[in-house]
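Remarks on the structure that follows.
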There are 2 protein chains.
Amino acid sequence: MFVGAVRDDSRRPADPHGTTGLPLPAGGGGEWTTVTQQQLDPAIAARLRHDDAGLFPTVVQEYGTGVVLMVAWMDDEALRRTLTTGRATYWSRSRRQYWVKGETSGHHQYVRRAALDCDGDTLLLTVEQVGPACHTGTHSCFTDILQETQR
Amino acid sequence: MFVGAVRDDSRRPADPHGTTGLPLPAGGGGEWTTVTQQQLDPAIAARLRHDDAGLFPTVVQEYGTGVVLMVAWMDDEALRRTLTTGRATYWSRSRRQYWVKGETSGHHQYVRRAALDCDGDTLLLTVEQVGPACHTGTHSCFTDILQETQR
């Protein structure tokens with residue numbers, strides 16, 4: 001667990017280009033506050049590789065069935081929230097804000113496992129999915145079959 | 001099947017920012033040549049949404065086991081090659097060239113199914129994987145477990 005003096009992100013607008021996940025100056029006062037686990041574990045942050053927007057894609061797979069449900073995007077803060085709350089939390093590129101999956105729909109994703117790939121630029125979440133994962137009402141988002149080969 | 005006058009991409013350097021997948025002027029001569037199926041099926045191309053670099057992420061899942069093996073990137077031409085050859089072909093962002101998975105390692109991916117997600121910006125390939133999918137020698141690239149929850 002990280003304990004230290006970090007910028008309190010809960011008080012400023014969500015910003016994936018911000019300082020989240022970067023080393024921050026010690027000391028309190030002003031906009032700085034001493035908090036517990038308000039920054040992604042530096043050991044994890046150091047293994048992550050982000051795109052130019054500070055994001056990385058996250059593949060979401062259903063626990064038990066292995067069905068690939070969807071792909072969404074995270075920044076360090078979304079991953080921190082996901083790991084600490086156990087509920088999948090993403091960064092919406094279109095709305096430019098964090099969203100807890102199921103917050104409005106009730107179709108939550110309870111995280112069972114989180115794993116990075118070999119070069120640290122993609123996350124795989126294994127989740128228990130409540131209801132359909134897709135906003136269209138289907139279980140998985142991958143319903144538009146382009147090609148299928150039978151042996 | 002698309003038949004028409006298109007730019008012959010096989011004769012110019014790979015370029016995901018190029019005209020691949022876009023409507024092209026009719027007529028021959030010069031750098032234009034009449035070919036068969038040298039362009040991604042326009043009905044598929046119209047459903048794809050690309051990032052600023054003309055790319056979209058592709059999740060690769062193993063047929064039969066459901067294991068998520070890796071994530072790679074494609075442009076329209078990589079998808080065209082994948083669908084027409086049946087072998088997973090990606091765009092390498094670091095090397096800036098197409099790569100047929102297994103071309104050097106022998107660890108080919110034979111495509112059984114290709115599906116787009118609900119907003120057309122992510123592809124899911126279901127493949128028969130020959131050997132390990134990861135260049136590190138592991139079956140899947142997702143071996144760096146950040147967190148795992150037991151009930």
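Protein chains get the first letters and strands the later ones, always in sequence-line order, with residue 1 at the start of each.
In this structure, chain A has heavy atoms under 4.5 Å from both the backbone and the side chain of B:Thr122. With a 4.5 Å cut-off on non-hydrogen atoms, A:Ile44 touches chain B through its side chain but not through its backbone. With a threshold of 4.5 angstrom between heavy atoms, A:Leu79 approaches chain B through side-chain atoms but not through N, CA, C or O.
Within residues 138-147 of chain B, the residues that have a heavy atom under 4.5 Å from a heavy atom of chain A are B:Cys141, B:Phe142, B:Thr143, B:Asp144, B:Ile145, B:Leu146, B:Gln147, listed by number. Residues of residues 61-74 of chain A that come within less than 4.5 angstrom of chain B, heavy atom to heavy atom, are A:Gln61, A:Gly66, A:Val68, A:Val71, A:Trp73 in numerical order.
Between the side chain of B:Arg113 and the main chain of A:Glu148, no donor-acceptor pair closer than 3.5 Å is present.
The most heavy-atom pairs under 4.5 Å with chain B, out of A:Cys134, A:Ala114, A:Gly120, come from A:Ala114.
In terms of hydrophobic clustering, with Ile, Leu, Val, Met, Phe, Trp and Tyr side chains grouped at heavy-atom distances under 4.5 Å, A:Leu48 and A:Leu83 are assigned to a common cluster. Hydrophobic clustering keeps B:Val59 apart from A:Val60 (ILVMFWY residues linked when any side-chain heavy atoms are closer than 4.5 Å, directly or through intermediates). Put simply, B:Leu116 and B:Phe56 are part of the same group of oily side chains (I, L, V, M, F, W, Y) that touch within less than 4.5 Å, one to the next. One hydrophobic cluster, built from ILVMFWY side chains closer than 4.5 Å, holds both A:Leu40 and A:Trp99.
With salt bridges taken as basic N to acidic carboxylate O contacts below 4.0 Å, one links A:Arg93 and B:Asp121.
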